[in-house]
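To start, the structure under review is shown below, and the notes come after it.
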Amino acid sequence: MADRRPMYLFASGRGAQARATLERLGPVLAQLNKERPTIAYIGVASFRDNWLVYLLVTGLLRMKVRCRITRVVIAPKNADLELAREQCLAADAIFFSGGDVDAGAQILRDKGMDAFFQDLAQTSKLFFGISAGSIILGREWVRWTAPADESSATIFPCLGIAPVICDVHDEEDDWPELRALLRLEREGTVGYGITSGSCLKVSPDGGLSAEHGTVVRLALRDGVVERLPDLLAEDSRAVAKVDQAQIVSKN
């Protein structure tokens, strides 16, 4: 097995925070030691591989980072999945874009691409996500079969490449979806709220650290979701692996 690289889960945000997130990808990609690394863009969460979203996101990315970008099309009925796999294998980094977590994760499962990415993550390929893409890289997420009924919340699986459950840029509302998910998990489960403009770094050995900004930690204790000490970028200590060890799906 090749030496695995850290994974980077970005929250992005709006305006200056979004631009700052793209700028912070430069140092992440620099570890590849290539003048212009190739990034495979996975846009299944962005309105099912929407072309305009791709142009917008990658246009901004090219302004901030010297790179090549390959659009990997998976969602359409006639998508060439063999080509998609070849493009990912040829790329230096795999980028999961933002959008709709449920739709993106469902497409990957329906197309049988979830197992492909799970296997690819065991290699030295660099993975990173932004917004919904970060959640998709995690273990699982929550949906409501009846949006007005809180009791209709259910868990659905994501890729599980990053051994965490996380939410992104929802600090102003105090993470209601992450809290709802945690209440469906087993006792002791920890969830991570990646605040706007921040990044959660997931090391191959299981260590977690805030690469930029602040990452909130929430845990289910005695049936109540409580806040643990935050992960701060200026604190070089990584969270112990016990956090991830407690995250076990009920499904």
Side-chain angles (χ1 to χ4, degrees), residues 4-13 17-18 20-29 31-32 37 39-47 49-50 53-54 56-58 60-61 64-65 67 69-72 74-75 84 88 91-109 113-114 116-118 120-123 125-141 156-170 177-178 181 191-204 208-213 215 231 244:
R4 295 174 59 193
R5 298 182 185 275
M7 191 176 309
Y8 298 86
L9 308 181
F10 288 92
S12 189
Q17 290 171 329
T21 294
L22 295 176
E23 290 173 353
R24 288 164 180 164
L25 286 174
V28 170
L29 295 171
Q31 64 185 271
L32 295 170
I39 300 172
Y41 172 94
I42 313 300
V44 289
S46 301
F47 302 104
D49 285 324
N50 182 272
V53 175
Y54 164 77
L56 174 62
V57 173
T58 58
L60 292 171
L61 180 55
K64 301 296 183 180
V65 181
C67 62
I69 302 176
T70 300
R71 180 172 179 246
V72 179
I74 297 172
C88 290
D92 301 301
I94 310 296
F95 166 33
F96 283 79
S97 69
D100 185 322
V101 177
D102 196 354
Q106 185 66 52
I107 291 168
L108 293 172
R109 290 194 300 273
M113 292 294 287
D114 50 349
F116 168 75
F117 285 116
Q118 288 159 359
L120 191 61
Q122 301 305 310
T123 70
K125 200 76 68 178
L126 175 65
F127 277 73
F128 66 93
I130 293 181
S131 296
S134 295
I135 300 175
I136 287 174
L137 285 169
R139 290 180 59 96
E140 52 203 13
W141 193 232
F156 65 88
C158 294
L159 286 177
I161 294 172
V164 298
I165 56 175
C166 65
D167 195 6
V168 292
H169 50 65
D170 203 13
E177 292 178 294
L178 181 57
L181 174 56
Y192 299 86
I194 310 170
T195 61
S196 299
S198 300
C199 175
L200 177 64
K201 177 181 177 181
V202 183
S203 298
L208 302 175
S209 59
E211 186 76 359
H212 301 285
V215 177
L231 294 179
Q244 295 111 288

Report yes if the side chains of [X] and [Y] come closer than 4.5 Å at any heavy-atom pair, otherwise no.
X	Y	result
Cys166	Leu137	no
Asp92	Leu126	no
Ser196	Ser12	no
Gln122	Arg4	yes

Would you name the heavy atoms of [X] and [Y] that are closest together and state the gap between them?
X	Y	value
Ala11	Ile194	CB-O, 3.2 Å
Gly104	Val44	O-CG2, 3.7 Å
Arg71	Asp49	NH2-O, 2.6 Å

With a 3.5 Å distance limit and no angle check, can you tell me whether [X] reaches the backbone of [Y] through a side-chain donor-acceptor pair?
X	Y	value
Ser134	Gly129	yes
Asp114	Arg109	no
Arg24	Ser198	no

Looking at residues at least two apart in the chain, or sitting in another chain, which of them share a side-chain contact (heavy atoms from CB on, under 4.5 Å) with Leu56?
-> Leu60

Could you walk me through whether Leu181 and Trp141 pass the side-chain contact (heavy atoms from CB on, under 4.5 Å) check?
-> CA-CA 7 Å; Leu181 174 56; Trp141 193 232; 3.6 Å; yes

Excluding sequence neighbours, so at least two apart, what forms salt bridge (Lys or Arg N to Asp or Glu O under 4.0 Å) with Asp102?
-> Arg143

If you count the non-hydrogen atoms of other residues, nucleotides and ligands that lie under 6.0 Å from CZ in Phe116, is the total more than 12?
-> yes

With under 30° as parallel and over 60° as perpendicular, where do the rings of Phe127 and Phe96 fit, or are they tilted in between?
-> parallel

Using 30° and 60° as the class limits, which term best fits the ring planes of Phe95 and Tyr41: parallel, tilted or perpendicular?
-> perpendicular

